[in-house]
A.B. asks: 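What follows is a structure written as structure tokens; I'll ask about it next.
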Amino acid sequence: MSNIMRDIQIMAQTKDENLGYMSDMALELAQLAEDSGLATLAYLFRMAALEASTVNNVMAEPDDFPHQMTSH
């Protein structure tokens, strides 16, 4: 059973790292777009970065939702 829990923890950590990377990359692309005078594209990349960081923060919070779903 501990192997399954360890695997789930590794998968969650990998997902966190991927979302962090996506957020960082989107911010870099936003800066490049802004430097090139592409304000609309920069805005879209900033929104993508915000979305990735928001998902990452929500996933990092304690997971109470399944408990709410199963309690009657």
Side-chain angles (χ1 to χ4, degrees):
M1 193 63 154
S2 62
N3 286 343
I4 294 171
M5 294 302 288
R6 188 193 69 221
D7 291 348
I8 290 172
Q9 188 174 15
I10 289 170
M11 286 172 24
Q13 182 178 352
T14 301
K15 190 177 283 188
D16 287 349
E17 290 169 2
N18 288 342
L19 286 168
Y21 173 78
M22 288 169 56
S23 180
D24 292 345
M25 186 56 61
L27 286 174
E28 287 184 34
L29 290 169
Q31 188 61 52
L32 286 171
E34 198 171 283
D35 293 346
S36 301
L38 302 171
T40 302
L41 189 58
Y43 173 80
L44 292 173
F45 279 126
R46 290 193 194 288
M47 290 300 103
L50 178 62
E51 185 72 21
S53 66
T54 301
V55 169
N56 202 15
N57 289 339
V58 167
M59 286 175 40
E61 292 176 0
D63 191 15
D64 293 330
F65 190 68
H67 302 296
Q68 293 172 0
M69 291 287 289
T70 55
S71 62
H72 296 296

A.B. asks: With sequence neighbours excluded, what pairs up with Ile8 under the side-chain contact (heavy atoms from CB on, under 4.5 Å) test?
C.D. replies: Ile4

A.B. asks: Taking salt bridge (Lys or Arg N to Asp or Glu O under 4.0 Å) as the cut-off, I'd like each qualifying pair that reaches into residues 20-33, sequence neighbours left out, listed once.
C.D. replies: none

A.B. asks: Run the side chain to side chain donor-acceptor pair (under 3.5 Å) test against Gln13 and tell me which residues pass, sequence neighbours left out.
C.D. replies: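 Only Glu17 meet the side chain to side chain donor-acceptor pair (under 3.5 Å) criterion with Gln13.
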
A.B. asks: If you link I, L, V, M, F, W and Y whenever their side-chain heavy atoms are under 4.5 Å apart, who else ends up in the same group as Leu27?
C.D. replies: none

A.B. asks: Can Met25 be reached from Phe45 by stepping across I, L, V, M, F, W or Y side chains whose heavy atoms are under 4.5 Å apart?
C.D. replies: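 Yes.
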
A.B. asks: Spell out, yes or no, whether Met47 and Leu44 are grouped together once hydrophobic residues are joined by side-chain heavy atoms under 4.5 Å, including indirect joins.
C.D. replies: yes

A.B. asks: Mind checking the CG-CE spacing from Asp16 to Met11? Nearest 0.5 Å is all I need.
C.D. replies: 12.0 Å

A.B. asks: Where do Ala49 and Ser23 come nearest, in terms of heavy atoms and distance?
C.D. replies: O-OG, 3.3 Å

A.B. asks: Is there a side-chain contact between Arg6 and Asn3, using heavy atoms and a 4.5 Å cut-off?
C.D. replies: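 Result yes, sub-4.5 Å side-chain heavy-atom pair found.
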
A.B. asks: Name every donor-acceptor pair, under 3.5 Å, that has one atom in a side chain of residues 32-40 and the other anywhere in the protein, sequence neighbours excluded.
C.D. replies:
from	atom 1	to	atom 2	distance (Å)
Glu34	OE1	Arg46	NH2	2.9
Asp35	OD1	Gln31	NE2	2.9
Ser36	OG	Leu32	O	2.9

